[in-house]
Amino acid sequence: MLNLRLPGPTSCPQEVLDAMSHHMVNHRGPEFAALLKNCGEKLKPFFKTQNDILILTCSGTGGMEAAVVNAVSAGDKVLAISIGVFGDRISKIAKTYGANVTDLKFPMGQAADVDAIKKALEADPSIKTVLVTHNETSTGVTNPLKDIAAVVKSFDKLIIVDAVSSLSAVACDVDGWDLDIVVTGSQKGWMLPPGFAFVSVSQCGWQAIDQCTTPRFYFDLKKARDTQAKGETPWTPNVSLMFALGVSLDMMEKEGIDAINKRHAEMGAYIRSKVKALGLPLLADEQVASNTVTAVGPFENGFEPDAFRKILNKEYNVVLAGGQMELKGKIFRIGHMGWFTKEEIDECFDAMAKTLKQMDYKV
């Protein structure tokens, strides 16, 4: 059996996969309306919010584009905080739609510095919106989102959060931390295939959306809100995935969000200990290390991470992720979010140990 250790898409329980074989229903009819309402309500506790959760048929990146085009107008001053590939991606989306973006980048493997964010906001009072990634899968780092949000809101700025690979596995208190627009994706910790983005919008977020002049059609969040209130989606939804979402939320509700977060934290620490036991380097400092993906490397002794991953896949059916952008060919990444077992992790590391020996890896 394939041991899929990617930071997305992740493995899915058989019950979830089985639910996707449900016969089609009228997506404008009562059965789908009841399912949509049920899923929308059950998502709220995982976001820790009273906001309505909008369910969009698209990827996480689609959800982030929706957040930007609905709340950021051309010419708006925007501060884009980046600690890796996905922080850079949000910045690119905002620039594509004409925003005046100031990039605040931090070194790969490090979290954003809250004081630096404060100084950037002090230096330019005209900044209207702050974009930030909660959990950066390209480097295996989790940002101190609660502290970042506190600084952003002390300046009365809108905050848009990429929580694609955190929410549902890493604590994210949307209402408690005063987060305005928060996006997550189905293929990460939600135990689902790709295809849905879930979006939370605060009262301040809706005010920004009302004032935004950026044209939008498919990604119009007001249309999504108004039609979802009627038990529909504005455009054809992924009906099969909605049935699967109902099952995954029932399973997650049974475990409870606090228990889920605790499980991921324990497994994150366990995996980092296993990496160190093999004599492998960790990219991120453990104080900011992600509990959903671990970045291993960079390597300076001639070791080739991509060759290592190829052997693992071919001989042991273990699939790891490679590095991205400037980290390509320098690191590998181990995904550990959503539905997985300790036994799968142990099998992964057993295969890694054998492969390292086969490659004559020198500690």
If you measure from the Lys or Arg side-chain nitrogens to the Asp or Glu carboxylate oxygens, is any gap between [X] and [Y] under 4.0 Å?
X	Y	value
D250	K254	no
K276	E286	yes
D124	K77	yes
D306	R309	yes
E315	K354	no
K262	E266	yes

Go through the steps to decide whether T294 and H336 satisfy the test side-chain hydrogen bond (donor to acceptor under 3.5 Å, both in side chains), and finish with yes or no.
-> CA-CA 8 Å; T294 296; H336 39 93; 2.8 Å; yes
Is a side-chain N or O of [X] found less than 3.5 angstrom from the main chain of [Y], in a donor-acceptor match?
X	Y	answer
E136	G87	yes
D175	Q50	yes
S186	P193	yes
E15	V247	no
R333	T137	yes
S202	G205	yes
N3	E344	yes
S200	V182	no
D76	S73	yes
N317	M1	no

Residue among T49, D173, V161 satisfying side-chain contact (heavy atoms from CB on, under 4.5 Å) with L179 =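 Exactly one option meets the side-chain contact (heavy atoms from CB on, under 4.5 Å) with L179, and it is V161.
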Pairwise side-chain contact, [X] with [Y], heavy-atom cut-off 4.5 Å (strictly under):
X	Y	result
F32	K37	no
T236	H27	yes
R89	T61	yes
H134	V170	yes
F308	F299	no
L43	L249	yes
M252	S168	yes
H22	S240	no

Linking I/L/V/M/F/W/Y whenever their side-chain heavy atoms sit closer than 4.5 Å, directly or via other members, would [X] and [Y] fall into one cluster?
X	Y	result
M267	L280	yes
Y270	V296	yes
M191	L245	yes
M64	V132	no
W177	W206	no

Atom of [X], atom of [Y] and distance for their closest heavy-atom approach:
X	Y	value
L36	E232	CD2-O, 3.5 Å
F106	I81	CE1-CG2, 3.9 Å
A99	V72	CB-CG1, 3.7 Å
G268	N291	CA-OD1, 3.8 Å

Counting only heavy atoms not in [X], do more than 12 sit closer than 6.0 Å to its [atom1] atom?
X	atom1	value
E300	CD	no
D210	CG	yes
M325	CE	no
K128	NZ	no

Going through the checks in order, is the side chain to side chain contact (heavy atoms under 4.5 Å, CB included) test met by V199 and I53?
-> CA-CA 5 Å; V199 184; I53 308 299; over 6 Å; no
How long is the span from the [atom1] atom in [X] to the [atom2] atom in [Y], to the nearest 0.5 Å?
X	Y	atom1	atom2	value
L356	I311	CG	CD1	9.5 Å
Q187	C12	CD	SG	10.0 Å
M20	L192	CE	CG	8.0 Å
T233	R28	OG1	CZ	5.0 Å
L79	I127	CG	CD1	4.5 Å
L56	E65	CG	CD	11.5 Å

Dump the intermediate steps for salt bridge (charged side-chain N to carboxylate O under 4.0 Å, His left out) on D226 and K230, then the final yes or no.
-> CA-CA 7 Å; D226 294 345; K230 301 174 184 176; over 6 Å; no
Which pairs of donor and acceptor atoms, one on a side chain in residues 139-148, lie under 3.5 Å apart (sequence neighbours left out)?
unit_1, atom_1, unit_2, atom_2, d
T142, OG1, N135, OD1, 2.6
N143, OD1, A112, N, 2.7
N143, ND2, T133, O, 2.9

Do E347 and Y316 pass the side-chain hydrogen bond (donor to acceptor under 3.5 Å, both in side chains) test, and can you show the C-alpha distance, the side-chain angles, and the key distance before you say yes or no?
-> CA-CA 9 Å; E347 288 171 4; Y316 298 100; over 6 Å; no
Once the angle between the rings of H264 and F340 is folded into 0 to 90°, is it parallel (under 30°), tilted (30 to 60°) or perpendicular (over 60°)?
->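 H264 and F340: perpendicular rings.
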May I ask you to check whether F198 and W190 place their ring centers less than 6.0 Å from one another?
->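 Close enough - the centres of the two rings lie under 6.0 Å apart.
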Establish, yes or no, whether a centroid distance under 6.0 Å links the rings of F219 and W235.
->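 That pair fails the under 6.0 Å test.
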Going through the distances and angles, do N70 and C212 end up as a side chain to side chain contact (heavy atoms under 4.5 Å, CB included)?
-> CA-CA 6 Å; N70 279 268; C212 181; 5.8 Å; no
Quick one: do R225 and L54 satisfy side chain to side chain contact (heavy atoms under 4.5 Å, CB included)? Show the steps, please.
-> CA-CA 7 Å; R225 175 194 62 189; L54 306 178; 4.0 Å; yes
Think K118 forms a cation-pi with F155, using NZ or CZ under 6.0 Å from the six-ring centre and within 45 degrees of its axis?
->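 That pair does not qualify as a cation-pi contact.
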Give the C-alpha distance, both sets of side-chain angles, the deciding distance and a yes or no for side chain to side chain contact (heavy atoms under 4.5 Å, CB included) between R5 and I345.
-> CA-CA 8 Å; R5 301 270 55 82; I345 298 301; 3.7 Å; yes
